Chemist: 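For reference, the structure I am asking about is given below.
Keep in mind that this is a model prediction, so the values were computed, not measured. Just so it is clear, the values below take in all heavy atoms, side chains as well, and ignore hydrogens, waters and symmetry mates.
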Amino acid sequence: MTHIKHSLCSVFLALAVLLGAALPVHAADSAESDAAISKTANYLLQTVSAPQVGSIGGEGTVIGFARSGATVPQSYWDGYYAAVKSTLTETHGVLSNRKYTEYSRVILALTAIGADPSCVGGYNLLFPLADYEKTILQGVNGSIWALIALDSGNYAIPANSNAKTQATRELYLQHILSKQQSGGSWGFSDSRADVDLTAMALQALAGYQDRAEVKKAIENGVNWLSAAQNADGGFSVNGLETSESCAQVLTAMSTLGITPYDARFTKNGHTVSERLLGYQLHDGSFSHDGSKSNVMATEQAFYALAAMQRNLSGMNGLYQMSDAAR
């Protein structure tokens, strides 16, 4: 019995030593990402000083600021809201006739800053997402972002009598599940797997993990991404490694509650977050492929790092915006 006790003590002591050695490394990584977020915030506040409606210099920056907790003046949010209102007035409420992810993106940004997307200058941005057929014209990408946007504020889907098919969450969810490929990935076509789209699909499914079919789909998707990870911790699409792929995978991991140190996403000692930070330049911006500054790459890295820090801090996920001030 004494021998057993001594053995157990030795095991616990060894574990304590290992954990004691590991914790400072993780703390250092967290401090490094905090510093990276701060530098990126400073860069974007200067580069995107007046965010507009757009996939670059718009919603990505707004979401990053709002969800990272970086300090910006109230005028920043007011300016973006005014820009959305002005755009809707000019376009008579039509952001796009074919790309309904435009509506999803703006809904997410407005929700993040505590604004109501159902009434902006008299327009309801949720209404277009009630048309299932038009939303999925973009393929599964449309369903993914519609579900993320609707769930961000737990919004009810408006009734749309003009829609060929009235959208429901279940329709969007099943559309996403139906497009998963046999190996566990998602792609823009049924024959081509895509890292970024797979990560985005997992972000959309994260809120439905209590369902067996979804849990299995997520497991298969995570395993596929793990196998697709490069030896340096990064990810490639069509043979090109980019920071955006790292950012989307890190966002997916964080949304699913997977830490950046998870063994499934550590290759040769290199993590996704480490590789993403390798793309940051001296001015705080991020590059697309390791060369020059790129605003889209910077925006995606910004909110991915925010997602990681929120996960490590036990806060709501990046797109779980019930904590946004209203």
Side-chain angles (χ1 to χ4, degrees), residues 48 50-63 79-113 115-179 186-192 194 196-201 203-204 244 248 295-296 299-300 303 319 321:
V48 188
Q52 303 295 308
V53 174
S55 58
I56 301 175
E59 288 72 41
T61 293
V62 171
I63 292 168
Y80 173 69
Y81 187 85
V84 174
K85 190 174 178 180
S86 176
T87 298
L88 291 172
T89 299
E90 292 173 7
T91 63
H92 303 288
V94 179
L95 295 180
S96 177
N97 286 314
R98 294 189 60 82
K99 293 175 61 180
Y100 276 33
T101 48
E102 298 289 313
Y103 297 100
S104 297
R105 194 181 65 238
V106 176
I107 289 168
L108 284 169
L110 290 174
T111 304
I113 66 173
D116 182 2
S118 71
C119 185
V120 185
Y123 295 101
N124 184 353
L125 292 173
L126 300 169
F127 187 76
L129 300 186
D131 191 321
Y132 175 73
E133 301 294 343
K134 289 185 178 179
T135 300
I136 66 169
L137 276 176
Q138 288 175 266
V140 71
N141 199 35
S143 291
I144 287 170
W145 287 104
L147 196 58
I148 291 174
L150 291 166
D151 287 350
S152 68
N154 195 27
Y155 296 116
I157 303 176
N160 186 343
S161 59
N162 295 322
K164 180 180 178 182
T165 304
Q166 169 67 40
T168 65
R169 278 178 167 77
E170 189 64 26
L171 279 174
Y172 287 135
L173 180 63
Q174 292 302 325
H175 187 244
I176 296 168
L177 292 175
S178 73
K179 295 299 180 179
W186 279 263
F188 289 98
S189 70
D190 293 336
S191 60
R192 181 169 64 88
D194 185 271
D196 297 37
L197 195 66
T198 298
M200 292 173 189
Q203 293 165 36
E244 291 94 327
Q248 290 305 323
V295 175
M296 179 178 282
E299 290 175 328
Q300 292 192 29
Y303 66 66
Y319 297 128
M321 298 178 180

Chemist: Taking C-beta and beyond as the side chain, do Thr135 and Trp145 meet within less than 4.5 Å on heavy atoms?
Modeler: no
Chemist: Could you tell me which residues satisfy salt bridge (Lys or Arg N to Asp or Glu O under 4.0 Å) with Asp196, sequence neighbours excluded, listed by chain and number?
Modeler: none
Chemist: Nearest 0.5 Å, please: how far is CG in Leu150 from OG1 in Thr111?
Modeler: 9.5 Å
Chemist: Minimum heavy-atom separation for Ala83 and Pro51, please, with both atom names.
Modeler: CB-O, 3.9 Å
Chemist: Could you note down all residue pairs passing salt bridge (charged side-chain N to carboxylate O under 4.0 Å, His left out) where residues 84-95 supplies at least one of them, sequence neighbours left out?
Modeler: none
Chemist: Report the residues that fulfil side chain to side chain contact (heavy atoms under 4.5 Å, CB included) with Ile56, sequence neighbours left out, ordered by chain and then residue number.
Modeler: Val295, Met296
Chemist: Just jot down the side chain to side chain contact (heavy atoms under 4.5 Å, CB included) partners of Ser189, sequence neighbours excluded, or say none.
Modeler: Ser191, Arg192
Chemist: Please enumerate all residues that pass side chain to side chain contact (heavy atoms under 4.5 Å, CB included) together with Thr168, with sequence neighbours excluded.
Modeler: Glu170, Leu171
Chemist: What distance separates Tyr100 OH from Leu137 CG, expressed to the nearest 0.5 Å?
Modeler: 8.0 Å
Chemist: Tyr80: what forms a ring pair (Phe, Tyr, Trp, His ring centres under 6.0 Å) with it, not counting sequence neighbours?
Modeler: none
Chemist: Counting C-beta onward and ignoring hydrogens, is there a side-chain heavy-atom pair between Gln174 and Leu177 closer than 4.5 Å?
Modeler: yes
Chemist: Enumerate, atom names and distances included, each donor-acceptor pair closer than 3.5 Å involving a side-chain atom of residues 122-132, sequence neighbours excluded.
Modeler:
from   : atom 1 : to     : atom 2 : distance (Å)
Asn124 : OD1    : Leu126 : N      : 2.9
Asp131 : OD1    : Glu133 : N      : 3.3
Asp131 : OD1    : Lys134 : N      : 3.1

Chemist: Less than 4.5 Å apart, side chain to side chain, heavy atoms only: is that true for Tyr319 and Leu108?
Modeler: yes
Chemist: What's the separation between atom CG in Asp116 and atom OH in Tyr155, rounded to the nearest 0.5 Å?
Modeler: 6.5 Å
Chemist: Would a distance-only check, ignoring hydrogens and angles, find a side-chain to backbone donor-acceptor pair under 3.5 Å from Glu102 to Asn97?
Modeler: no
Chemist: Using the salt bridge (charged side-chain N to carboxylate O under 4.0 Å, His left out) rule, collect all pairs that involve residues 144-161, keeping only residues at least two apart or in two chains.
Modeler: Asp151-Arg169
Chemist: Please give me the minimum heavy-atom distance between Ser152 and Ala149, naming the atom from each residue.
Modeler: OG-O, 2.6 Å
Chemist: Quick check against the 3.5 Å criterion: does Trp186 have a side-chain atom that pairs as donor or acceptor with the backbone of Met200?
Modeler: no
Chemist: Identify, with sequence neighbours excluded, every residue that meets salt bridge (Lys or Arg N to Asp or Glu O under 4.0 Å) alongside Glu244.
Modeler: none
Chemist: Who pairs with Thr87 by side chain to side chain contact (heavy atoms under 4.5 Å, CB included), at least two apart in sequence or on another chain?
Modeler: Val53, Thr91, Leu95
Chemist: With rounding to the nearest 0.5 angstrom, report the CG to CE distance, Leu110 to Met321.
Modeler: 10.0 Å
Chemist: Out of curiosity, Ser96 OG to Gln138 CD, how far, rounded to the nearest 0.5 Å?
Modeler: 7.0 Å
Chemist: With Tyr103, which residues qualify under side chain to side chain donor-acceptor pair (under 3.5 Å), at least two apart?
Modeler: none
Chemist: Is there a donor-acceptor contact under 3.5 Å from the side chain of Glu299 to the main chain of Gly57?
Modeler: yes
Chemist: Test of understanding: with side chain to side chain donor-acceptor pair (under 3.5 Å), list the residues that count as partners of Gln203, not counting sequence neighbours.
Modeler: Gln248
Chemist: Do His175 and Leu147 have side chains that get closer than 4.5 Å, going by heavy atoms?
Modeler: no
Chemist: Taking atom OH of Tyr303 and atom OG1 of Thr61, what is their separation to the nearest 0.5 Å?
Modeler: 10.5 Å
